Amino acid sequence: MTQVASNLQIDSARLWGTIHETAQFGATPKGGVRRLTLGAEDKQVRDWFRNACEAAGLEVHVDTLGSMFALRKGRDMSRPPVGLGSHLDTQPSGGKFDGVLGTLAALEVVRTLNDAGIETEIPICIVNWTNEEGSRFAPAMMASAAYVGDFTTEDILSRKDAEGVTVGEALDSIGYRGESPVGRQKFSSFIELHIEQGPILEAEGKTIGVVDSGQGVLWYDGKITGFESHAGSTPMPLRRDALATLSEIVLAMERIAIKHGPNAVGTIGEAVIAKPSRNVIPGEIAFTVDCRSADAAIMDALDRELREAIAGISARRKVDVTLDLVWRKPPTHFDSTLVDAVEQAARRLGFSHRRITSGAGHDACNLNTKIPAAMVFVPCKDGVSHNELEDATQADCTAGANVLMHTVLALAGVAS
Ligand code: GLV
Ligand code: MN
Ligand code: MN
């Protein structure tokens, strides 16, 4: 690598500026962001991102699921690019960094290479994946899952949000149903920078997480059918209360996850009473379950024990409970050569670092099933994420972007 390339540093103020500039698209009062995938604010940030990439000389194309690809040519165009990026959608009450850091740091890497006049041997390509978050349409990370062939494009296009709007209709409404078939843009490897979204790096005073693995995920849709009746006149022993049933299921999930801990988590994040009324015993409830582990055997145990617990609770309470598995993502073991490349970049740049397992799901986990992938983590304040209060320091974001850039340079090579 040339001296210029090996000493290269991203422009910290410029990266920080873009993070705050784009945070205005869907800004919330507490300093967070609400930018649901394929909504009006997502269109705003996508348009901003497209313009910024084109101004940096990149060729932008969009696939039929709306994922955006911005290509920077390399000397050898016969080889697929090194991919880098993340997502720009957020949770309904999300922060400024989840996904945004990785996507805008990728843009910052390109701007830095442009300023330094560096041509890479292999091209590089920034990606903004559609619907990483999964809060409007399930599953999370659906575009990268379709990219690796876990779902067909047609299946994903037909998924509906809570209002019955399909992914296809939502793409059309913001003008982001692109022309490129899903999977046509090839990559030789993929690197994603992200905030940790957990407490480990901060607690240990480490700047960089070298992500070598990721938790597997189980998502379920559940439904409880009891019986609506009068809250005043129905004696307690005669009730078939859906909400009391859910309460037991929530506590069973918690108990099971704790039993398999620390390598297991379980959450019931949504629950909707069908016809809520103060003086009616709830008769019908829809709920969701999210449970995760980095160990495939523990994932099987979580599934089995949750089903057993629900069977016992529903029989005793004389209610019906259905539990449909809507998504199963096995644990991820990132490509060891790429993980080593991230570690070497962190070491060479002099940052404290440690190997780490991702608690959250990421598009890089999907990509790793087909191409070598890896991730770089930086700390976030108090480990808080999926919250408006999510925060990270400029110094840590800059460090992560520099590790991203030097990993990409090592993979893509510098044209001589
Ligand atoms: C993605 O944000 C996840 O749920 O891990
Ligand atoms: Mn994310
Ligand atoms: Mn997220």
Side-chain angles (χ1 to χ4, degrees), residues 19 22-23 26 28 32-39 41-42 45 49 67 84-106 126-145 150 190-198 209 211 213-221 257 264-270 288-294 299 326-332 334 356-368 373-380 383-392 397 400 404:
I19 290 171
T22 55
T28 62
V33 180
R34 177 187 170 86
R35 202 157 61 215
L36 294 183
T37 193
L38 308 181
E41 294 80 14
D42 192 22
V45 77
F49 180 68
S67 294
L84 65 166
S86 190
H87 60 98
L88 292 171
D89 65 319
T90 76
Q91 288 288 323
S93 183
K96 289 194 280 290
F97 297 91
D98 175 0
V100 176
L101 172 63
T103 317
L104 298 184
I126 305 176
V127 192
N128 169 32
W129 296 102
T130 294
N131 187 29
E132 193 275 350
E133 294 291 5
S135 41
R136 180 174 178 194
F137 301 101
M141 299 167 263
M142 65 183 196
S144 57
D150 287 353
F190 188 84
I191 303 284
E192 181 169 357
L193 167 65
H194 208 281
I195 55 167
E196 179 199 340
Q197 308 184 277
V211 189
S213 49
Q215 291 199 112
V217 184
L218 296 163
W219 272 14
Y220 305 87
D221 282 344
V265 286
T267 307
I268 291 176
E270 292 180 45
T288 61
V289 182
D290 171 320
C291 46
R292 310 190 188 200
S293 174
M299 287 177 69
V326 292
W327 185 38
R328 183 188 177 99
K329 168 96 189 102
T332 297
F334 284 113
I356 194 165
T357 296
S358 174
H362 297 286
D363 294 302
C365 300
N366 281 336
L367 295 167
N368 191 64
M375 295 189 71
V376 183
F377 273 180
V378 291
C380 58
V384 170
S385 184
H386 285 188
N387 188 307
E388 290 170 86
L389 301 179
E390 180 184 272
D391 203 4
C397 292
L404 174 72

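Computed from a prediction, not measured in an experiment: that's the story for all the values here. Counting starts at 1 for both ligands and their atoms, in listed order.
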Hey, which N, O or S atom on His194 ends up closest to the Mn ion (ligand 2)?
-> NE2

No-hydrogen, no-angle side-chain donor-acceptor test under 3.5 Å, Gln91 and Asp98 = no

Please give the N or O to N or O pairs under 3.5 Å between ligand 1 and the protein, distances rounded to 0.1 Å.
residue: ligand 1; atom: 2 (O); partner: Glu133; partner atom: OE1; Å: 3.0
residue: ligand 1; atom: 2 (O); partner: His386; partner atom: NE2; Å: 3.3
residue: ligand 1; atom: 4 (O); partner: Arg292; partner atom: NH2; Å: 2.8
residue: ligand 1; atom: 5 (O); partner: Arg292; partner atom: NH1; Å: 2.8
residue: ligand 1; atom: 5 (O); partner: Arg292; partner atom: NH2; Å: 3.4
residue: ligand 1; atom: 5 (O); partner: Gly361; partner atom: N; Å: 2.6

Please examine the side chains of Thr130 and Asp89, heavy atoms only from C-beta on, and report whether any two atoms are closer than 4.5 Å.
-> no

By residue and atom, what protein N/O/S atoms are less than 2.8 Å from the Mn ion (ligand 3)?
-> Asp98 OD2, Glu133 OE1, Glu133 OE2, His386 NE2

Sequence neighbours excluded, which residues qualify as salt bridge (charged side-chain N to carboxylate O under 4.0 Å, His left out) partners of Arg34?
-> none

Can you tell me if Thr357 and Ser213 form a side-chain donor-acceptor pair at under 3.5 Å?
-> yes

Closest heavy-atom contact between Pro331 and Ser293?
-> CG-O, 3.9 Å

State, to 0.1 Å, how close Gly85 and Phe190 come at their nearest heavy-atom pair, and which atoms those are.
-> O-CZ, 3.6 Å

Quick one: does Glu192's side chain get under 4.5 Å of Val376's, heavy atoms only?
-> no

Determine whether the aromatic ring centres of His362 and Phe334 lie less than 6.0 Å apart.
-> no

Just by distance, with hydrogens left out, do His87 and Asn131 show a side-chain donor and acceptor under 3.5 Å apart?
-> no

Hey, could you give me each pair passing salt bridge (Lys or Arg N to Asp or Glu O under 4.0 Å) that has a residue in residues 130-141? Not counting sequence neighbours.
-> Arg136-Asp161

